[in-house]
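Down below is the structure, laid out as structure tokens.
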2 protein chains.
Amino acid sequence: MTPTQTLLSNLAKPAQAFSKAEQKVADAILANPELTTRLSIARLAQSAAVSEPTVNRFCKRLGATGFPDFKLKLALSLASGARFINSAVAEDDTAPTFTPKIFNASIHALEKTRDSIDTQLIHRVIDEVVQSKRIYFFGQGNSGPVAQDAEFKFFRFNTPVSAHQDPLMQRMLAAAAKPGDLFVIISYTGRTIGLVETARLARDSLATVISITAPASPLARASDLAITLDVGEDTDEYLPMTSRLAQLTLLDVIATGVTLRQGQGHLTAPRAH
Amino acid sequence: MTPTQTLLSNLAKPAQAFSKAEQKVADAILANPELTTRLSIARLAQSAAVSEPTVNRFCKRLGATGFPDFKLKLALSLASGARFINSAVAEDDTAPTFTPKIFNASIHALEKTRDSIDTQLIHRVIDEVVQSKRIYFFGQGNSGPVAQDAEFKFFRFNTPVSAHQDPLMQRMLAAAAKPGDLFVIISYTGRTIGLVETARLARDSLATVISITAPASPLARASDLAITLDVGEDTDEYLPMTSRLAQLTLLDVIATGVTLRQGQGHLTAPRAH
DNA sequence: CGTATAAATGTATTTTTATTACATGTCTGT
DNA sequence: ACAGACATGTAATAAAAATACATTTATACG
């Protein structure tokens, strides 16, 4: 998905073994990356106080075929907000520094999701939603609020809808499911045993199960349709989960799709609170 | 914010009064925009079957200073998915077209929020959170799930925390508040009378009230500290609310700030479901 | 319908920009 | 201190883009 946009982050990495002159080039670029994308090799060389071939070699070392290609990749990496991505929140961060980092992490998660969504699958999910007689949104833990948010969103349609966070209640509802019921199960990991069993129960009762979960997870396999979100590893110690946002937006997409399908419009319902 | 990235959309617009040769150029670019960003003016001219100066003039007509600048802007507009930005969801949209639109709207909301956040205020909010003995998150309707999400997030800290969506319960808790209690009230409009009264009640009981709400709203005025989010007008008929995402991310920011302040780390708590 | 005029497009040239080849310098290890 | 490798710069070459200008094509008007 996201291509070779590690450029800027590579640049900033202190681990990079740059030679003296190359470090000067890196510094000059970092001083004003935006500007650099519009500079000629001669001007950049001048502002870094090195020769033109040094700049050229620098570009090639970073994986570009030449200076113009480098500028292109730099511009791309700037556009995608990559300057903060990968930049973990550190112990010594303060509000002005970690705030944009967290927002950028969220933005990045949405961009990644946007670029990896299978729209054909979305189409089929919308089909199922439109055809269903009853919709249940299930989520546990962090995904609970997401399910509840979905309930609010889908409340506008004619189909009865409810959200449930309690595992026991989920299980009971799944066991009592009827054909025409649609269960939308939201789980980041897709490995919560209770939810997987609930999905199986619901399918055994001939209801339809759609999950929003991790690729190749047990839950995904146990579902009729699985929208898989690979938001990223959330490896970073201080960065909070961004998966919720992707899940929420995905549900926005589905709700919008249903609205359009029904041709009756009006997601512009009252918007209190 | 988002700069002059209307380039691609301008290109595709049939209304554009291009001359014959220029239309050929536009077609050639549209046929493969990605590739075009790496082409020389000579090659593009060749593939469009026009002369090089025609391409150059074409670029200038579209607001670029020349061909390289044009390529740069084109690349930027591709990277940011700008082909969909500004484009409202329309009746005849299908999954492949409205999906990126909705994601872009969400991304845009986060970008806007990121760029308008008062980090000094965030700093003070973090102070309050750290000093509090007890935290309540209140939200009604669409903000209910946000409050609940916050509860999950703040659960990791030592301070007792709970989220409440029921207006009556909110009111009761506010009336029974004690100094050292912190009420975080989330409301998009900031005009829900119940919530405003709840805020007053809590302050009368000498508790601290922080709101995440609309600028210059009654709730903002009734709070000790108000983080105001002006996400935008949500004017578009089919685009769903994006404010929740901004609220959620903002709470992420605060939680991260608290974690850093406590110097004990570990937002990397178990991440099930 | 033809001519004048303006607009559009192309050709040839110049200028700018990027790359390459090669020479010089600088560091490393013995 | 010196051989060798590596880094950097100088100068020449090649490529790309922009410009000036010529030619063609369209348009308006008598």
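From a predicted model like this one, the values you see are computed outputs, not experimental measurements.
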Handout entry: Distance below 4.0 Å between B:Thr54 side-chain N/O and C:dG10 OP1 or OP2
Key = yes

Problem - B:Ser217 (side chain) donor-acceptor with B:Ala214 (main chain) under 3.5 angstrom - result: yes

Practice task
Spell out, as yes or no, whether a donor-acceptor pair under 3.5 Å connects the side chain of B:Thr242 to the backbone of B:Ser106.
Solution key: no

Practice task
Whole angstrom is fine here: how far is it from CD in A:Gln23 over to C1' in D:dA7?
Solution key: 15 Å

Fill in the blank from the handout: Given protein heavy atoms under 4.0 Å, the one-letter contact record of nucleotides 15-29 of chain C, with B base, S sugar-phosphate only and - none, is simply --SSBB------S--

Taking only distance into account, with no hydrogens and no angle test, what donor-acceptor pairs under 3.5 Å do side-chain atoms of residues 35-51 of chain A form with protein atoms, sequence neighbours excluded?
residue, atom, partner, partner atom, Å
A:Thr36, OG1, A:Asn32, O, 2.9
A:Thr37, OG1, A:Glu34, O, 2.5
A:Ser40, OG, A:Ala42, N, 3.4
A:Ser40, OG, A:Arg43, N, 3.3
A:Ser47, OG, A:Leu44, O, 3.3
A:Ser51, OG, A:Thr54, OG1, 3.0

Problem - salt bridge (Lys or Arg N to Asp or Glu O under 4.0 Å) partners of A:Asp118, counting only residues at least two apart - result: none

Problem - Residues A:Lys60 and A:Asp69 bridged, charged N to O under 4.0 Å - result: no

